[in-house]
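The figures here come from the full heavy-atom set of this structure, side chains too, leaving out hydrogens, waters and symmetry mates. Just so it is clear: chains get the letters A, B, ... in the order the sequence lines come, proteins before strands, and each one is counted from 1.
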Amino acid sequence: MGMVRAIFAHPSGRIGGAIVLVYVVIALFGAFGLTPHDPLMQYRIDRLHGPSPSYWMGTDLFGRDVASRLMKGVGQSFTVAFFSVAAAALSGTVLGLTAAWYGKRWDTVMMRLMDVLLAFPAILLALLVVTIIGPGTWTSVVAISIVYTPIFTRVVRGPALSLKTRDFVDAARTFGSSRFYILTRHLLLNLVAPLTVQVTLALAWALLTEAGLSFLGLGTQPPAASLGLMLSDSRNLMEQAPWLLAFPALAIMLSILGFNLLGDALRDILDPKTRRA
Amino acid sequence: MNYLIRRLAAFPLVLIGVSIVVFIAIRLVPGDAITAMLGTEAGLLTPQQRSSLAAYFGIDQPWPVQYWRWFTGLFSGDLGISVTYGKPVLAVILERFPLTLELALLSMLIALAIGVPAGVFAATRNERPADLGVRVAAMIGQSTPSFVVGLVLIYILSAGFGVLPTMGAFTPLWQDPLQNLGQMILPAVTLGCAFAASVTRVSRSAMLDVLSDDYVRTARAKGAPERSVIWRHALPNALVPVVTLSGIEFGYLLGGAVIVEQIYALPGLGRMVLEAILQRDYALVQGSVLFIALNFMIVNLLVDLAYVALDPRIRLEGR
Amino acid sequence: AKLRMAWAQDATGLDPHKQTAFSSLRLLELIYEPLVRLDAELKIVPGIAKSWAFSADGKELTFKLDPKAKFQNGAAVTPADVKASFERILDEKTGAANRANYLSIASIETPDAETVTFKLSQPDAPILTAMTDTNSSIVPAADIAAGTIGTKAVGSGPFKLERWDPNSKEILTANKDWAGGATGVEGIEISVLPDETAILAAMRTGQIDFALLNDPLIATLVPKEPKLQLNRAPVLAYHVLQLNPARKPMNELAVRQAISCAVDRQAVLDTASLGEGKVTGPLTMPFFASDPNTLFCYKRDVEKAKKLMADAGMTGGFTATVIAATGEPPTAAAEAQVLQAQLAEIGVKLDIKMMELNVYVDTWLKGDFDMAIALNGGRPDPYTMYNRYWTKNGNLQKVSNFADDTLDALLQKGRVETDPEKRKAIFADFDKELAEKSPWVWLYTSYGYTAQQKNVQGFVPMPTGSLASLGKVTVGQ
Amino acid sequence: MKPILSVRDLHVSFGRAPDAKEVVHGVSFEVGVGEVLAIVGESGSGKSVTALSTNRLIDYAGGRITSGTIELLRADGTVTDIGSASTQELTKIRGAEIGVIFQEPMTSLNPVLSIGAQVEEAFRLHRGLTGRQAKAAAREALERVRIPDAERRLSATPDQLSGGMLQRVMIAMALACNPRLLIADEPTTALDVTVQAQIMALLAELRRETGMSMIFISHDIGLVAGIADRVMVMQDGHAVEQGELGQILDHPQHPYTKHLLHAVPHFSGGDAARTDTIRAQADEMRPTVAKPTLAVDDLVVRYPLKSGWLSRPFGAVHAVDGVGFDLLPGETLAIVGESGSGKSTTARAVLGLVAPTRGAFSVDAHAARPGQSRLPVQMVFQNPYASLNPRLSIEQILGEPVIAAGQRIDATVRARMTALLARVGLPQDSLARYPHQFSGGQRQRLCIARALMLNPSVVVLDEAVSALDVSVQARVLELLVDLQREYGLAYLFISHDMAVVERIAHRVAVMFAGQIVEIGEAKSVLSDPQHPYTKKLIGAVPTIARRRQHFELDTRQVPSLVRPLGFEPPPATWREYGRDHKVRAEA
Ligand SMILES: Nc1ncnc2c1ncn2[C@@H]1O[C@H](COP(=O)(O)OP(=O)(O)OP(=O)(O)O)[C@@H](O)[C@H]1O
Ligand SMILES: Nc1ncnc2c1ncn2[C@@H]1O[C@H](COP(=O)(O)OP(=O)(O)OP(=O)(O)O)[C@@H](O)[C@H]1O
Ligand SMILES: [Mg+2]
Ligand SMILES: [Mg+2]
């Protein structure tokens, strides 16, 4: 609760928090079907209608209400972004922590492995994952989390290496504290700040990556909507129906803006240097 | 020196790892060169026809045999023959690489040329309106998908102004530098946009950290003018994170920028890999992934070396 | 003048006997020529052969070659080249795409320097149409012997391939020795612009004279440009919803018919292709095609569909997965979504599964689907077009999963019949029967699009999508 | 004659107008030409802020001069009001007329620029020198501050020089343009005593040479005694007292000044050493107690150095080389020595944080009571900020050793926590708080409480009070002594501060280059050092008694600890002085 108050006391946290909150509300409305129209309903006679009082953001090729689909899509995109980032953060943290702690060969092997993953073209990775578990929401989650794991590994490993040499870790060793205790309480707990910031950044990037995957048909499966899919579906209709591109693009930009602002605020709030005592 | 040799010694191991993963990965994906070539017509082939085509594409042997053949070929610089291009894989890659390198360099140049000054500017006006303006612009730049930027740019230029750099018929730099730059500028700007945005953000926060360091105070105490304090004393110390970011992004770009290459019809590595995958050109996929991985590792190494050049405190041995 | 041309998908190879991809054929037909060709009405006209004739018993087909026909290396096209080309096609090791159409060839004879005679084991009317295919092009016997087919393109067509950077560009120059006479342009420079919006942008700024378009969403923008012209030609390829009659409940005739009745084909066409096309039955070639309104349930009838479902004991409907390839055709995802909405009305719940093209092809060839959205290629001859699916030993039985005595008999009858009118009657029955048995739900045929600057003259759009008429195209100032 | 600097009623605040926090409340002082004004006071009293206001560097830290005048007498005889000077004018004044030396030489030099470039810059900016001339001037400047081999150092970067060396570079830079006023903000706090002595000597000499004025900031009155003409004492942003050096030292008026002079430890050459020597009693009266709690014999710690392709070792850093001592219950052994002499490494080896290359140590568990932890040695680290995990609550921090020992946090443990907190003088509600909510001294008390959670018999204190403010230091020392008496703790106390050592140690061991060169009873060693190194060390300690003492300049380098592979030092021979005092004989 103190956290929430701190975010809203921070100037960019206030804006970022408000944006993210609005998105969450929109996503919840979408999830509970509180949309102006049925997002899957095809109003044949109203195909490719521009924004109007009955269709706030116009209709798509099928005569479906863009506003309603956007509300659904936000939920879908956020789900993918949230789960993939959570998975990447979790595995990246475990790998980064152990790499930093055990060092030596394990560290070398892990970091080179991460290099391999980073060096791999993402689409090949995605294609592979897709054929193993079939296309869809969870495929995107797995594919995106594989792409982001090395990044989290690096983000964790660097500070963990320096935390490892801090006096309180030495102190813990003189008490004979268990490795697990040291790793979780002394290292991990102090990584919360960089991790939180990275998470908000990764959330933003995951939204874009989901768009890229949908572009290749590997992401969300139609007729479900995600911001990325709506965006890539609309590219060849850009001239006939610019609203099809504009609204999802705006939605993505605004949400990323929100995450970034929130990330900036969290960095300030969680940084002991700038934290108010 | 020692460090360099040890890092280089790790290359082959990583590359072997990459090669095994890519070899298996691409074969696990359904479809092969035959379905890629014939599409649904592949169903008309008799088993005899199919096996002779498989032999033609070199995919008739068991996987380990195929791998071994390919792997031993590597030592004589033979990455196999691309079935799409009918040429040695290495030749195909090297043909495409200059463009990719040029595009990556250009976008990085644009990103650094815009991002660093913008970041520095914002940092020196911390929390004032100018700073907020730069930050919001950077966030917008970072959050716009590159294909949206590309499509909108093309549309505005062609439909709005009736001008467009030559699409397709790509001219290499050494044939006609002007024509080449004309073709490269839009894609480079498209990529550079998001890149510059991240550079701006990173250099801003690095500068903010550095500006509160003691030696900056020392420089001021010496009577150095503000310009010199910022550019000569502070900036070099803020470059490490900027180099890290640029290195990672540059490394990615050397793997090709699929979407931008696609939109602007540039024959770069990214599209080549995508098409090689779609056409199940196994040798080309393997060769290019290996090549991209090698590039990535070299860039990483260069970044590490750049750290040392930038900051004498950093020692490589422990890293 | 040079013709500056663009397309989104590049050729994938140069072997005219093996390459079946639409994009490869468009390039190869500018370089190679078959014995005979089709014109815009799909009538057979001379190619390398000046004239041809079936023997009375229909078991011998004789061609007289055009003495002017020359390969781009200067050598004349001889009966030996024809014989070698067909032998290459027939050789199982080649893996030639068209081999199945020539199984009736018993031997090939070359009595003199102008004549080639094909001896057939049985009368085979469709064989002549098959020979119009670019996949049956004549290549130099010497190149076959040298094994350079596929790496070096030497044909007898209007243009010579000067340079090919796959997925980037092709440079073609006029073939001065072309038997068809002088070409209208000095050469063609083809750019591969993978994004069709970029093609349109390049045409708007006058960088490109002529382009091939796939996506109706882009094509429909062309007529709005004052300097541009859109050419559309109805094509033989058809959009279809393939059912898998080997899987429950599609094995029930009533269920399949119910699906057919529940589909509003015009609506699919209107939405997915912006109305660019024509609702069609199984046969798409104008000469054989029936009026769609005479076919089973081509008028949407949801009540009837529901009744049929009830008859099959499926009142509650069922769930099925429909596969479609990403971007191939560009309308696939849209078609799937419209069909999904329509079938939902009779309780059939479709799950759409988009696949990368090769994965799709692999799955399709295994017949491993409940339903599939497909764009299947058409052939000028009904037998050639459908024997693979609907004869009992058709090569693609595994895909169609549907063997039917009536259909099989009709196809065999049509194959040996050489009188065009009688053939037409036979295939009309076939068309009706196929629509009624509804193993698949045929939807519509779309247009093949080319766009050009208005100063480009002489291009003839073809139902096969062929660009062969580029040989005579001129670019005005 | 006019004073060079005259400050009147200076008020400085931080933050923007509405929430501005004033930290200097109306300070006035003058610095005469050629005079040294010392500003003393505890941490946070506003010394730095006052000094940095005189060239408006405070602007860049977010500070603002809200009222008052600062008048500087320029070289050309004019007087400039710094408070209203333009930025251009200030750039001309800074460096040229007012030079500054900061506390932390390690962080105050730009790490990415060469020493030469940084020193040259001063000449470029104010003298208009360029190229070779600037370089030559920089070399001369380095020579002037007695940097050996100046030519070569020009191209070195700061990380390649020691702290003392860097501080000389700072001085060279500050003096480059012969400023008429030098601000030295705690220029030696981060340095060893011996190095400190050298820097002080250098400053004194340079001042004689150039006749510049100086503002010298320190919290160590002993140090000030050696250099200042006049002293200003600050407390909470007020100048509570100022006057001639002698007057302040001999007749302090303000209670705070008195406190500074009397309550905080000052080195007095062994006179203040502890007399409750356990060892003497043990030897004479209770031989059974003579069993040491901790005995260390021939401890060796080496860090191998590797090079070449295959990382072949070519030598080793002999960080600790054959150290031996023992420690009785209730006794304090202080280890002194300058930076890098192996003090911390010895402590870390005893704690098991580094693996000794050789040597034995035994910890006598029976010496203590039941309820003993598995590790009867506990540690208190130098930096109270760094040794407490900022994200754990005090309850979690105190509970950690208990959990590590495999016990649960129950009511008895909690009771012990509160009792210990009360014992070290912390508020009762501390358990739910976090480290950042405590001051430095309080944090060090927390560390002590944590070390005591499991009834250790030995506590290792590595520079445990060095980071604390002088008056806080005194209180923590008292606490330590009390706790020692109460629990019979044995302390291994590591410090470079002789004044502190004098207050707490029963015995002193002097380390030099990884070896103990002198060890014995505190009073004896401190008042009558035998080894030349010990003599030098003690001679370098500034004291009030040795007022205005003339420091000797000494530019010798510390010996390298890097030894070739397989090198073994010759066995030590010891000479005995008195009952408990022996000295290593020089080879
Ligand atoms: N940049 C700043 N922002 C806000 N407050 C500051 C800033 N710098 C110093 N202060 C406050 O001003 C007061 C005086 O600080 P100053 O640095 O002058 O103390 P000092 O006497 O030099 O202490 P020390 O001996 O620790 O160096 C302190 O309360 C400090 O918290
Ligand atoms: N991990 C290590 N690897 C190599 N050398 C080391 C290592 N740790 C310490 N040393 C070296 O061992 C020597 C002794 O270091 P130590 O930290 O014990 O000195 P110290 O007396 O505690 O100094 P200070 O007063 O600065 O704390 C130093 O020369 C140091 O450089
Ligand atoms: Mg200070
Ligand atoms: Mg130490």
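Ranked by non-hydrogen atom pairs under 4.5 Å with chain A, the options Val359(C), Leu274(C), Asp270(C) are led by Asp270(C). Contacts with chain A were tallied for Ala334(C), Ala341(C), Ala272(C); Ala334(C) has the most, counting heavy-atom pairs under 4.5 Å. No other option in Leu200(C), Ile218(C), Thr197(C) has as many heavy-atom pairs under 4.5 Å with chain A as Ile218(C). The residue among Asp195(C), Leu350(C), Thr220(C) with the most heavy atom pairs within less than 4.5 Å of chain A is Asp195(C). For chain A, the option among Met355(C), Glu356(C), Gln340(C) with the highest count of heavy-atom pairs below 4.5 Å is Gln340(C).
Heavy atoms only, all atoms of each residue included: Ile352(C) and Pro222(A) are closest at CB-O, 3.3 Å.
Atom CZ of Phe318(C) has more than 12 heavy atoms from other residues, nucleotides or ligands within 6.0 Å. Heavy atoms from other residues, nucleotides or ligands lying under 6.0 Å from NZ of Lys398(C) number 12 at most.
Contact of the Asp60(A) side chain with the Gln337(C) side chain is not registered, since no non-hydrogen atoms from C-beta on lie closer than 4.5 Å. Residues Gln42(A) and Thr271(C) are not in side-chain contact: their nearest non-hydrogen atoms beyond the backbone lie 4.5 Å or more apart.
Contacts of Leu40(A) with chain C are absent, with no heavy-atom separation under 4.5 Å from either backbone or side chain. For Val338(C), the parts sitting under 4.5 Å from any heavy atom of chain A are the backbone and the side chain alike. Within the 4.5 angstrom heavy-atom criterion, atoms from both the backbone and the side chain of Ala267(C) approach chain A. Using a 4.5 Å cut-off between heavy atoms, Arg64(A) touches chain C through its side chain atoms alone.
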Practice task
Take Arg44(A) and Asp264(C) through the side-chain contact (heavy atoms from CB on, under 4.5 Å) test and state the conclusion after the steps.
Solution key: CA-CA 12 Å; Arg44(A) 281 207 55 207; Asp264(C) 183 345; 3.7 Å; yes
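Taking Lys366(C) as the reference, Asp362(C), Asp368(C) meet the side-chain contact (heavy atoms from CB on, under 4.5 Å) condition, with sequence neighbours excluded.
One N or O on the side chain of Gln240(A) and one on the backbone of Leu217(C) form a donor-acceptor pair closer than 3.5 Å.
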